Every structure is written in structure tokens, then in C-alpha cells.
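Here's the structure, in C-alpha cells; my notes come after.
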Amino acid sequence: MGSVVLLVQLLLLLATMAAICSSFTSALNASYYASTCPDAESIVQTTMERLHYNDPTLAPAIIRMLFHDCFVRGCDASITINPTPHSPSPERTAIPNHTLRGFDAIDAVKQALDSSCHGGTVVSCADTLVLMARESVTLLGGDRYSLALGRRDGVQSNAWEVDLPAPFARLDDVIASFAGKGFTADETVVLFGAHTVGGAHCSSFRYRLTNPDDGTMDEAFCSDLLDTCGVEDQTLDTDPATFFDPDTPFVVDNNYYKQLVGNRTLLQVDQEAATHPATKQYVAYYAASNDVFVQRFSEVMAKLSNVGVLEGDAGEVRKVCSRFNTG
Ligand code: HEM
Ligand SMILES: *[C@@H]1O[C@H](CO)[C@@H](O)[C@H](O)[C@H]1NC(C)=O
Ligand SMILES: *[C@@H]1O[C@H](CO)[C@@H](O)[C@H](O)[C@H]1NC(C)=O
Ligand SMILES: CC(=O)N[C@H]1CO[C@H](CO)[C@@H](O)[C@@H]1O
């Protein structure tokens, strides 16, 4: 009897050790590609530098792409899958994805990686995207942050699973949704700070310009936007875009928070953060300190890069980011 108990205990111990070992080998780490693709990070850096030089609007688009990838099924490059007759509705066909850009750049960086890594396809699309987003933050003047690598690519991508907040979402719901991914209200406000770079199309905010109930927009700011967008009932053939932060649209800085405090921001949900009791103190705090925001932004971007990642043998390492290896 005693020896049976001992045997069971021994087996349990072995099982625990095996679990610990496998969790060590499968966890992300900073030297994941050290032997298979030692130059991976510098290849992403130089390729992004070249792309950024040709098109400074790319870096904001990639930062947004990371958010859309990581908040749906985790950071697994499920966002980059193209529709095929076999699976006609991957994530990128969902409504919040309509204005996503930068897919070609991901292909270009992935090709640069595959052509210089030992043995071709080594670096996953999920790692490629987090590395590109890190370079984007750096190219826009933010702090460089370190990333552990070894993310695997997802083998599913479904538009119906895309549950990203709309620009007119209630902040309470957004705070709850971000909390579900592990972010505090403070961190949520920091991530909103991404809206200090890049821009939005008039269709995302034009209803606010003539809505008499939305009395929070600065009058001069509103009339500038009316010039850009036209009023609601005027039919526009085109949907112009405008910068979130017109002064420094390609700089990671705290202007976004100053705009919130001055009622000069595009999106309704962003504006609500300036007055909501759970967030207004953070908005005031970051509006008052550029240095603290810049540092925090990189910390929280690094955290965003680790949401729900696939590790070890899960998923696959895609050859081409826009399609699964099989099917
Ligand atoms: C409640 C949460 C959020 C909402 C409702 C939201 C909504 C939007 C909308 C409507 C646009 C403009 C799209 C267009 O009209 O072209 C946009 C752009 C952008 N978003 Fe967000 N966003 C949210 C959170 C985030 C987060 C967490 C990040 C990144 C950390 C982010 C990064 C960006 C960037 C960089 C752009 C500019 C893209 C470009 O210039 O191409 N957003 N967002
Ligand atoms: C990183 O992960 C890889 C793959 O699991 C493993 O081979 C390597 O030994 C790990 N490196 C370190 C420093 O943990
Ligand atoms: C911004 O809007 C709020 C709410 O309508 C108002 O209380 C505040 O005075 C406005 N601030 C500025 C700077 O216009
Ligand atoms: C970037 C991207 O793939 N956008 C797609 C979003 O969805 C619409 C329709 O569902 C497509 O037409 C876009 O190409």
C-alpha cells in the first residue's frame, strides 16, 4: 500500500517536472531565433526604415494593425489572412478592418526575413508584426522596447470573431473589454495614446460635427473638420481622412491628451476618456508629462504584443502571411 502511494507521488512529481520543463522550452524568449535567424531584428529594422522613408503613414497603420491582431484570438497574425473561396471571411474583412493598411509591408518584411534566415521560413508572421510595430514606435520617436520572440501563427481567422470597439462605443464597455485582455484603466488610456499618430476618415466621426447633443467639441476644431469632411447630409463621393494630431501626426508624444483636455479630438470614445471618472485622472496626468507618457506607451505596447500568444508547437509558422500553409 505504502509503495503504491509512493509510486503515485513519484509519477505526480515527474509529471510536474515535465510540465515545468515544457513550459520553459515553449515560452517566448529574447534569443529564440539566435541560431536560426540571428539577424532577424536588424532585418526588420532596416526594412522598416526603408519603408518609413518612402511612406511615413505606414508606421501608424502598423501600430493599429497590431491592436487589431492582438485583440482578436491573440497576437497570432490572424489579421493578415486574405479571403479565399475556401474561407471567404477572415478577420480582415470585418467592418472595423476596412481601413487597415500595411499588408504589403508585412509581406515585404517577411520576404526579407525568409531570404536571409537559415533555412528560409523561420520567423513567424506574428513575430514579424510585433517587431514591425516596435520599429514603428521607434521610428515615430518613441522609446525602443525589448520583445521576447517565438510566437506561432494562428490557423484560424474569422470575421465573426472580430469584436473591436466602434468609435462611438461607450467607454464603460471599452474599459471592460480591455480589462478582459488584462489591461487596467490606466493602461487602456495609455494605449488610446496611439491616436497621437496617424489619422481617421471622416466617416468615423462626421456625425459628431453636426450633432447638437455632442456639445463637447471645441468650436474652431469643429469648423475645421466641417471644411474637411462636409456636413452629414451632404453626399460625398469620397471619404477624406485627417490627422488625429494635426501638429505632430508622426510623433509619439502626449499631444493626444492635451487635445482631449481641450475637447479637440476626433473620436467620441476618446473624448469620453477626458471626463469619465475611471480615466480622467490618467488623461490629466499624461497631458501634463510627455516623458512619462512616452515611456509608458512603450511598456504597454510591449504588453499588447504578448496578448494571447501561441507558443511551442501550437499553430504554425506561415510561409506567406496572407495565407495558411495548408488550404
Ligand atoms: C476603443 C478603442 C479604439 C477605437 C474605437 C479605435 C478606433 C479607431 C478608428 C475609428 C480609427 C480611424 C480609422 C479610419 O477611419 O481610417 C483608428 C485609427 C488608429 N488607431 Fe485606433 N481605436 C482604438 C484603439 C486603438 C489602440 C489600442 C491602438 C494601438 C495601440 C490604436 C491605434 C490606432 C492608430 C495608430 C490609428 C491610425 C491609423 C492610420 O493612420 O492608418 N487604436 N482607430
Ligand atoms: C528560447 O526558446 C527556444 C525554443 O523553445 C529554445 O530552443 C531556446 O533554448 C530558448 N532560449 C533561452 C535562452 O531560453
Ligand atoms: C470641454 O467639454 C466639457 C464638457 O462639455 C466642458 O465641461 C469643458 O469646459 C470643455 N473644456 C474646454 C477647454 O472647452
Ligand atoms: C484591408 C481589407 O482587407 N479590407 C477589407 C474589409 O472588408 C471589405 C468588405 O468586407 C473588403 O472589401 C476590404 O478589402
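First listed ligand is number 1; within each ligand, the first listed atom is number 1. Here the structure is a predicted model, which is why all the values come from computation and not from measurement.
The shell of residues lying under 4.0 angstrom from ligand 2, judged by heavy atoms, excludes Gly150.
When side chains are defined from C-beta on, Gln259 counts as touching Pro246, because their heavy atoms get closer than 4.5 Å. Taking 4.5 Å as the limit, every side-chain heavy atom of Thr188 sits out of range of all side-chain heavy atoms of Leu191. Using a 4.5 Å heavy-atom cutoff, the side chains of Phe103 and Met65 are in contact.
Crowding of Asn211 atom CG: a count of heavy atoms from other residues, nucleotides or ligands under 6.0 Å exceeding 12. Atom CZ of Phe221 has more than 12 neighbouring heavy atoms from other residues, nucleotides or ligands inside a 6.0 Å radius.
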Atom pairs and distances, ligand 1 N/O vs protein N/O under 3.5 Å:
residue	atom	partner	partner atom	Å
ligand 1	15 (O)	His201	N	2.7
ligand 1	15 (O)	His201	ND1	3.4
ligand 1	15 (O)	Ser204	OG	2.8
ligand 1	16 (O)	Thr99	OG1	3.1
ligand 1	16 (O)	His201	ND1	2.6
ligand 1	20 (N)	His195	NE2	2.9
ligand 1	22 (N)	His195	NE2	3.0
ligand 1	40 (O)	Gly199	N	3.0
ligand 1	41 (O)	Arg101	NH2	3.0
ligand 1	42 (N)	His195	NE2	2.9
ligand 1	43 (N)	His195	NE2	3.0

Considering only N or O atoms, set out every pair between ligand 3 and the protein closer than 3.5 Å, with distances to one decimal place.
residue	atom	partner	partner atom	Å
ligand 3	2 (O)	Asn263	OD1	3.3
ligand 3	2 (O)	Asn263	ND2	2.4
ligand 3	11 (N)	Asn263	ND2	2.9
ligand 3	14 (O)	Asn263	ND2	3.2

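On a distance-only criterion, Asn29 and ligand 2 share at least one N/O pair closer than 3.5 Å.
Ring pair Tyr282/Tyr257: centre-to-centre distance not below 6.0 Å. For an aromatic pair to be called close, the ring centres must be under 6.0 Å apart, and Phe178 with Phe71 satisfies this.
The side chain to side chain contact (heavy atoms under 4.5 Å, CB included) test with Leu209 singles out one residue from Ser223, Cys202, Cys229, and that residue is Cys229.
In terms of hydrophobic clustering, with Ile, Leu, Val, Met, Phe, Trp and Tyr side chains grouped at heavy-atom distances under 4.5 Å, Val155 and Ile79 are assigned to different clusters.
Using cut-offs of 30° and 60° for the angle between ring planes, the Phe192 and His195 rings count as parallel.
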